[in-house]
Amino acid sequence: MKFGVVVFPGSNCDEDLVYTLQDILHQDVVKLWHKDTDLQKCDFVFLPGGFSYGDYLRSGAIARFSPIMDEVVKHANRGGYVMGICNGFQILCEAKLLPGALLHNTSRKFICKNVYLKPQSKLALPSQNLDFDKAYKIPIAHGEGNFYAPDEVLMEMDDNDQVMFRYCDVDGKITEESNPNGSIENIAGICNLQRNVFGMMPHPERAADFELENTDGREIFESILSLIKA
Amino acid sequence: MNFKASIQIMPLEALLDPQGKAVTGSMKNLGLSEISNVRIGKNIHLQVEAKDQKEAESKVESACKKLLCNEIMESYSFTVTPVA
């Protein structure tokens, strides 16, 4: 299994992702420049967080047209794995590889803090092997993370078990108060219908190193690894 | 021929516009409580080369659908006028 991390102008979590995959999880990782058109035989492509193209127009709207994105879309359509974190999630929604869109936080503020996530989908790789009774502490850092999808899309996502994570409180209760950004139905992460494309606003790669005294994010990567190797 | 377009992009009516809501609130503080329902969008100006008005409109429409507007959360309208 070879991993690729795409680097857009303005990406700023690419190093953290490479560090997590390579140094902590001992995986084969390469960086992929956004102007390249070769995925270098990567099996699993990550789109990292950051502010690609300065978040101009809408977050992710311009990055979606970077040359490498044509290849990422083809890879996803062939059934290849793609995961977007934060800005990467926004790019995947703009590219229509994931349903819905990410609006400004209802507070209009950029929010950078630890939040709690409740795993939901028993079928999506990032959540499948997690403890469904646990609240996972993972940081968020975004201004446009308010997930929105029309009712009929939400219903389809629920019917197909496409919601991977919802914001919850420290005890795992999914409440309005524990929703940091106004996301509809507390949605923090989703996957596509075919379950090979994943997106989430919180940053598991920022909670993967023992030195940081929080490795809840590492369990999300370990869930993916144990399942794709199985 | 050259045309110029003025494109208006607005958050969908069904969605909360927190920016507009905050501005509506400050209208009251200004003593302008008659003003309500402020909604804030974007105005984009651009130039387009086309053989006629119809072609220019079709190119602007395509730019809106493909990039300028995300129809999951926004709507768009535009006017296209020839540049003298």
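Numbered from 1 within each chain, the chains take letters A, B, ... in sequence-line order.
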Whatever's closer than 4.5 Å to a heavy atom in chain A on B/Lys42 counts as side chain
So for atom NZ, which belongs to A/Lys31, do other residues, nucleotides or ligands contribute more than 12 heavy atoms lying within a distance under 6.0 Å? yes
With a 4.5 angstrom heavy-atom cut-off, which part of A/Asn146 approaches chain B: side chain, backbone, both or neither? neither
Decide if atom CE of A/Met155 counts as having more than 12 heavy atoms of other residues, nucleotides or ligands within a radius under 6.0 Å. no
So does A/Lys35 have more than 12 non-hydrogen atoms from other groups sitting under 6.0 Å from NZ? no
Least distance between heavy atoms, B/Ile72 atom then A/Tyr148 atom: O-CE2, 3.4 Å
Between B/Ile44 and chain A, which part of the residue has a heavy atom less than 4.5 Å away: side chain, backbone, both or neither? side chain
Candidate list B/Leu15, B/Leu16, B/Asp17, test side chain to side chain contact (heavy atoms under 4.5 Å, CB included), partner A/Leu103, passing option: B/Leu15
Pairwise distance CZ(A/Arg58) to CG(B/Leu68) - rounded to 0.5 angstrom: 7.5 Å
For chain B, which residues from residues 167-194 of chain A lie under 4.5 Å away (heavy-atom distances)? none
Report which part of B/Leu12 has an atom under 4.5 Å of a heavy atom belonging to chain A: side chain, backbone, both, or neither. neither
If you compare all heavy atoms of B/Met73 against all heavy atoms of A/Leu102, which two are closest, and at what distance to 0.1 Å? CE-O, 4.0 Å
In terms of heavy-atom contacts, does CD of B/Glu49 have more than 12 from other residues, nucleotides or ligands at under 6.0 Å? no
Closest heavy-atom pair, B/Pro18 versus A/Thr106, reported as atoms and distance to 0.1 Å, is CB-O, 3.2 Å
Counting heavy atoms not belonging to A/Phe110, are there more than 12 under 6.0 Å from its CZ? yes
Name the region of B/Leu67, side chain, backbone, both or neither, that has any atom closer than 4.5 Å to a heavy atom of chain A. both
Check: B/Ala22 main-chain N/O paired with A/Arg108 side-chain donor or acceptor under 3.5 Å: no
